[in-house]
Q: 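Can you keep this structure in mind? I'll have questions shortly.
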2 protein chains.
Amino acid sequence: MRLSDAIEEFIKELWMPDEPEVELKRNELAEYFRCAPSQINYVLSTRFTPDHGYAIESRRGGGGFIRIIRVQRGRRESFRYLLQDRVGEAISARDAQILCLQLAEQGTISLEDAELMNAALKPQSQAVPIPEQMKDTIRAKTLKNMLLSILRRAQQQ
Amino acid sequence: MRLSDAIEEFIKELWMPDEPEVELKRNELAEYFRCAPSQINYVLSTRFTPDHGYAIESRRGGGGFIRIIRVQRGRRESFRYLLQDRVGEAISARDAQILCLQLAEQGTISLEDAELMNAALKPQSQAVPIPEQMKDTIRAKTLKNMLLSILRRAQQQ
DNA sequence: CTGATTATGGTCAAAGATGGTCAACATCTT
DNA sequence: AAGATGTTGACCATCTTTGACCATAATCAG
């Protein structure tokens, strides 16, 4: 079995039932698997992405950590389509706006959230001289992270 | 847990209800936590700054003290200060996160909004190869637009 | 009074403790 | 063989902790 797969599995077994998150030490994990610490980052960036229903937070320095937050299994599945197909790797401001409004109309998210997301996604928020393609990529990532946040919020209630 | 976090928590528990300020002795605190006195300054300068909503007064010499004051701002005032002074033309992900959390703590915005904004502002939302400076600029614009959106929402009600 | 002594708090730089990024190299799939 | 996926290591960024040295206020001895 590949190292990456083993690490992925190991991490997934760290969760207690119903716990929304686990915390780990990069160096400890790397030592446990006798691999380069950056290998952990590789696993995280390929298997614990928003598309997979996970969000990551971390801190450097003494007492540093990596925290992985997940949404419920069922929701993970149901949002796969939304995140991967509907948003994808890049999305225009226009398409993003349409998506937000549509989600609000169908009651998936609140109108307030839709407008807040829209504010973050509109062109003025990215008024800097970089290629449009970059902007669409950033927008997609931003949108996914926001949707994930809303999803996580819903699960806590 | 980090020493700094423990000290931060300890200090925050010193507040009596409705008291706007708390007073402490640097050396006593340091002795209590068995750390270098300058550690206290570190905690103060990283967790009780104006950006965190605190002001500090102190006096040296016999009978010296450190006084920590919670600053209170009205909602409107708070927003204007944020948009004009605090966010500015560029802001790091960490500073943006501190800002969001502080706004939620002081009740200016809801915790949900804070987390949603945070999701949009975290580094993963901008994981593309462009200069950090660009990212900080985009983040500032994004944050301002989101704050404006919340402000507008509030005004309609 | 005044100068010395004592009691505080402040600054800053160095060292330690983590995690992040990126590009080269390796291995697996097709 | 070519492209996708996985692995590593060098170098970077950030956060924490400590200690040496500095500044200021109160008190005490003469």
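Chain identifiers are assigned alphabetically (A, B, ...) following the order of the sequence lines, protein sequences preceding nucleic acid strands; residue numbering begins at 1 within each chain.
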Q: Report the residues that fulfil salt bridge (charged side-chain N to carboxylate O under 4.0 Å, His left out) with B:Arg86, sequence neighbours left out, ordered by chain and then residue number.
A: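 Applying salt bridge (charged side-chain N to carboxylate O under 4.0 Å, His left out) to B:Arg86 gives B:Asp51.
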Q: Is the distance from OP1 or OP2 of C:dG9 to the nearest side-chain N or O of B:Arg67 less than 4.0 Å?
A: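 No, outside the criterion.
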Q: Contact class for A:Ile66 (heavy atom, under 4.0 Å): base, sugar-phosphate, or nothing?
A: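 Answer is sugar-phosphate: A:Ile66 comes under 4.0 Å of backbone atoms only.
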Q: Below 3.5 Å is the cut-off: list the nitrogen or oxygen pairs between protein and nucleotides 28-30 of chain D, distance only.
A:
none

Q: Rounded off to whole Å, could you give me the CZ-to-P distance for the B:Phe65 and C:dG10 pair?
A: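 Checked: the CZ to P distance equals 10 Å.
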Q: Linking Ile, Leu, Val, Met, Phe, Trp and Tyr through side-chain heavy atoms less than 4.5 Å apart, which residues share a cluster with B:Ile69?
A: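 Hydrophobic cluster check, B:Ile69: no partners found.
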Q: On the nucleotide C:dG9, are OP1 or OP2 found under 4.0 Å from the side-chain N or O atoms that B:Lys25 carries?
A: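 So the side-chain polar atoms of B:Lys25 never come under 4.0 Å of the phosphate oxygens OP1 or OP2 of C:dG9.
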Q: Name all pairs fulfilling the salt bridge (charged side-chain N to carboxylate O under 4.0 Å, His left out) condition that reach into residues 139-157 of chain B, sequence neighbours left out, sorted by first residue then second.
A: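 Checked against salt bridge (charged side-chain N to carboxylate O under 4.0 Å, His left out) - neighbours excluded - the pairs reaching residues 139-157 of chain B are B:Glu89-B:Lys144, B:Asp113-B:Arg153, B:Asp136-B:Arg139.
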Q: Could you pull out all residues at least two apart from B:Arg26 that satisfy salt bridge (charged side-chain N to carboxylate O under 4.0 Å, His left out)?
A: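 Result, salt bridge (charged side-chain N to carboxylate O under 4.0 Å, His left out) vs B:Arg26: none returned.
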Q: Salt bridge or not between A:Glu132 and A:Lys135? Use side-chain N to carboxylate O under 4.0 Å.
A: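 Salt bridge between A:Glu132 and A:Lys135, a charged N being under 4.0 Å from a carboxylate O: yes.
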Q: Could you check whether B:Ile40 gets within reach of a base, just the sugar-phosphate, or nothing at all, counting any heavy atom under 4.0 Å?
A: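 Touches nothing.
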Q: Restricting to nitrogen or oxygen on both sides, can you table the protein-nucleotides 28-30 of chain C pairs closer than 3.5 Å?
A:
none

Q: Between atom CD in B:Gln39 and atom P in D:dT18, what is the gap in whole Å?
A: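 So the CD-P distance, B:Gln39 to D:dT18, works out to 6 Å.
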Q: Just call it for B:Gly64: base, sugar-phosphate, or nothing, with non-hydrogen atoms closer than 4.0 Å on any strand.
A: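 Sugar-phosphate contact only.
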Q: Show which residues join A:Leu24 in its hydrophobic cluster (side-chain heavy-atom contacts under 4.5 Å, direct or indirect), or state none.
A: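 So far as hydrophobic clustering goes, A:Leu24 is joined with A:Leu3, A:Ile7, A:Phe10, A:Ile11, A:Leu14, A:Trp15, A:Val22, A:Leu29, A:Tyr32, A:Phe33, A:Ile40, A:Val43, A:Leu44, A:Phe48, A:Tyr54, A:Ile56, A:Ile66, A:Ile68.
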Q: Give every residue pair that meets the ring pair (Phe, Tyr, Trp, His ring centres under 6.0 Å) criterion with at least one member in residues 60-118 of chain B, sequence neighbours excluded.
A: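 Matches after skipping sequence neighbours: none remain.
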Q: Please give, in whole Å, the distance from D:dG6 C1' to A:Tyr42 OH?
A: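 Going from A:Tyr42 (OH) to D:dG6 (C1'), I get 5 Å.
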Q: What does the list of N/O pairs under 3.5 Å between the protein and nucleotides 21-24 of chain C look like, with a distance for each?
A:
none

Q: Could you identify which residues of residues 27-36 of chain B place a heavy atom less than 4.0 Å from some atom of DNA chain C, listed by residue number, or say none?
A: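 Under 4.0 Å from DNA chain C: B:Asn27.
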Q: Once salt bridge (charged side-chain N to carboxylate O under 4.0 Å, His left out) is applied, do any residues pair with A:Arg70, and if so which ones, sequence neighbours excluded?
A: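 Listed in chain order: nothing, the list is empty.
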Q: Using atom CD1 of A:Ile56 as one end and atom P of C:dG19 as the other, report the distance to the nearest whole Å.
A: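 One finds 13 Å between P of C:dG19 and CD1 of A:Ile56, rounded.
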Q: Taking ILVMFWY side chains as joined if any heavy atoms are under 4.5 angstrom apart, and letting links pass through other members, which residues group with B:Val128?
A: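 Members alongside B:Val128: A:Val128, A:Ile130, A:Met134, A:Ile138, B:Ile130, B:Met134, B:Ile138.
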